[in-house]
Amino acid sequence: MSAAAAGTAPVRVASLGQQPGWQYRLLHDRPEHTLIWLTRGQGRATVEGLRRGLGPHNALFIPAGTLFALEPGLQSLGLVLHSPVGGDLWPGAPWHLRIREGAAQAELTALLDAMMREQSQQRGHLAQALGAHASLVSVWLHRQGEAAPQDDGKPNAARRLMRLYACALSAGFRSDRGVSDYAAALGVTPTHLTRTARAACDRTAATMLAERKLHEAQRLLAQPDPPVNRIAESLGFHSAPYFTRFIRSHTGHSPTEIRRGRHGARPGLRH
């Protein structure tokens, strides 16, 4: 699992529109489990290097440490649940469920709405209450997974390669390795890896690597520390000026401007 964030965050639920666009639109992995519940509209998600379409009443579960990005449509509504790892019933692999029964849809919405109310009221024993609700959500997920087939597609060589590359990015994005290094480790040519990535998720292999680095840079720049040069070093950049050029080319702004809260990354990168 990538050390994408320090420590373990508590259980929390947010609406899709509450977080800055880069938080979900850029490829990244998290130290906690993520459940996306789309209640209205369309969207797309890239999970383990594979892009898939999302529609109303789709539940997408992403285990901790899994590389993913979410691109909700302009009219999309939904909720996102994050739950820490440990002592739970969450699945060990990504699940994509299309929930067609109204009762099941209402049940999950009610559970997540109850968690939102708990967060807003800030009553005593909040962590325990949210943890109990999260356990109920994980039970709901397993019941629905047993009742309906998962929409994960058929495995093939391209899908296996993308999953391996996504896993390698999560583990090694902080290094100075480039696409050619990852391709060599996977036993393919950079051209083949790039062609496969573009077909699987409409991104080049280089774009996938850049998105993962940019997400971590954005996360660190949202905090007062560490200094920009330390961030650059931690992400495999050999100099702060090179890091600054990287950030400016993808966001239009310098790391310092982003840290001051005046600007954020564009929703995605050019492929």
Side-chain angles (χ1 to χ4, degrees), residues 1-2 4-5 8-16 24 28-70 72 76-119 125-155 159-160 162-163 166-167 170:
M1 182 189 307
S2 165
T8 300
V11 174
R12 62 197 187 281
V13 178
S15 68
L16 282 179
Y24 292 108
H28 65 293
D29 51 277
R30 292 172 175 264
E32 70 262 326
H33 302 311
T34 300
L35 177 66
I36 298 164
W37 176 232
L38 195 65
T39 56
R40 190 169 75 185
Q42 307 289 328
R44 294 182 300 185
T46 300
V47 182
E48 294 184 316
L50 305 174
R51 178 171 282 181
R52 64 190 73 199
L54 300 177
H57 303 118
N58 279 203
L60 181 63
F61 173 74
I62 302 152
T66 302
L67 193 74
F68 81 98
L70 174 66
S76 296
L77 294 176
L79 296 167
V80 181
L81 164 67
H82 294 293
S83 181
V85 176
D88 51 47
L89 300 174
W90 297 109
W95 282 14
H96 180 194
L97 303 176
R98 302 180 188 275
I99 309 301
R100 295 180 171 84
E101 293 187 1
Q105 298 168 5
E107 184 179 3
L108 180 57
T109 299
L111 285 169
L112 296 176
D113 283 345
M115 296 176 77
M116 293 281 280
R117 286 195 298 273
E118 285 284 355
Q119 289 176 166
H125 306 287
L126 176 62
Q128 294 95 320
L130 291 176
H133 281 296
S135 294
L136 290 175
V137 171
S138 69
V139 170
W140 177 95
L141 186 64
H142 276 286
R143 286 174 173 170
Q144 297 307 312
E146 293 167 2
Q150 299 167 40
D151 189 6
D152 287 332
K154 296 180 180 180
R159 288 175 177 267
R160 286 192 292 271
M162 291 313 301
R163 288 191 172 107
C167 183
S170 294

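Position 1 is the first residue of the sequence; numbering continues from there. These figures come from a predicted structure and were not determined experimentally.
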If you look at every heavy atom in P91 and F61, which pair is closest and at what distance?
O-CE2, 3.3 Å

Hey, could you give me the NE2/CD1 distance between H96 and I62, rounded to the nearest 0.5 Å?
10.0 Å

Minimum heavy-atom distance G53-N58, with the two atoms named:
O-OD1, 4.1 Å

Please round to the nearest 0.5 Å and tell me the distance separating atom CG of L141 and atom CG of L89.
10.0 Å

Partners meeting side chain to side chain contact (heavy atoms under 4.5 Å, CB included) with P56 (sequence neighbours left out):
Q42

Return the minimal non-hydrogen interatomic distance between G49 and A166, and the atom names on each side.
N-CB, 4.0 Å

Got T66 and P94 here, is their nearest side-chain heavy-atom distance under 4.5 Å?
yes

Between the CH2 atom in W140 and the CG atom in L112, the distance rounded to the nearest 0.5 Å is 8.5 Å

How far apart are the C-alpha atoms of L16 and V80, what are their side-chain angles, what is the distance that settles it, and do they pass the side-chain contact (heavy atoms from CB on, under 4.5 Å) test?
CA-CA 6 Å; L16 282 179; V80 181; 3.2 Å; yes

Could you tell me which non-hydrogen atom of L79 sits nearest to which non-hydrogen atom of S15, and how far apart they are?
CD2-CA, 3.9 Å

Go through the structure and list residues passing side chain to side chain contact (heavy atoms under 4.5 Å, CB included) with Q105, not counting sequence neighbours.
W37, H57, I99

With distance as the sole test, does H33 use its side chain to make a donor-acceptor pair with the main-chain N or O of P63 at under 3.5 Å?
no

How many angstroms lie between atom CG of L35 and atom CG of L108, to the nearest 0.5 angstrom?
6.0 Å

I'd like to check V13 versus L130 (side-chain heavy atoms, cut-off strictly below 4.5 Å). Are they in contact?
no

Closest heavy-atom pair and its distance - V11, A134
CG1-CB, 4.1 Å

Minimum-distance pair of heavy atoms, taken over all atoms of L50 and R163
CD1-NH2, 3.7 Å

Are the side chains of F68 and E48 in contact, using a 4.5 Å heavy-atom criterion?
no

Can a donor-acceptor pair be found, under 3.5 Å and without considering hydrogens, that links the side chain of S138 to the backbone of W90?
no

Contacts of type side chain to side chain contact (heavy atoms under 4.5 Å, CB included), residue A110, not counting sequence neighbours
none

Answer whether the closest heavy-atom distance between the side chains of L60 and L38 falls below 4.5 Å.
no

W95/H142 aromatic ring centres below 6.0 Å:
yes

Euclidean distance, H133 NE2 relative to R117 CZ, rounded to 0.5 Å
8.0 Å

What distance do H82 atom NE2 and E32 atom CD have between them, rounded to the nearest 0.5 Å?
5.5 Å

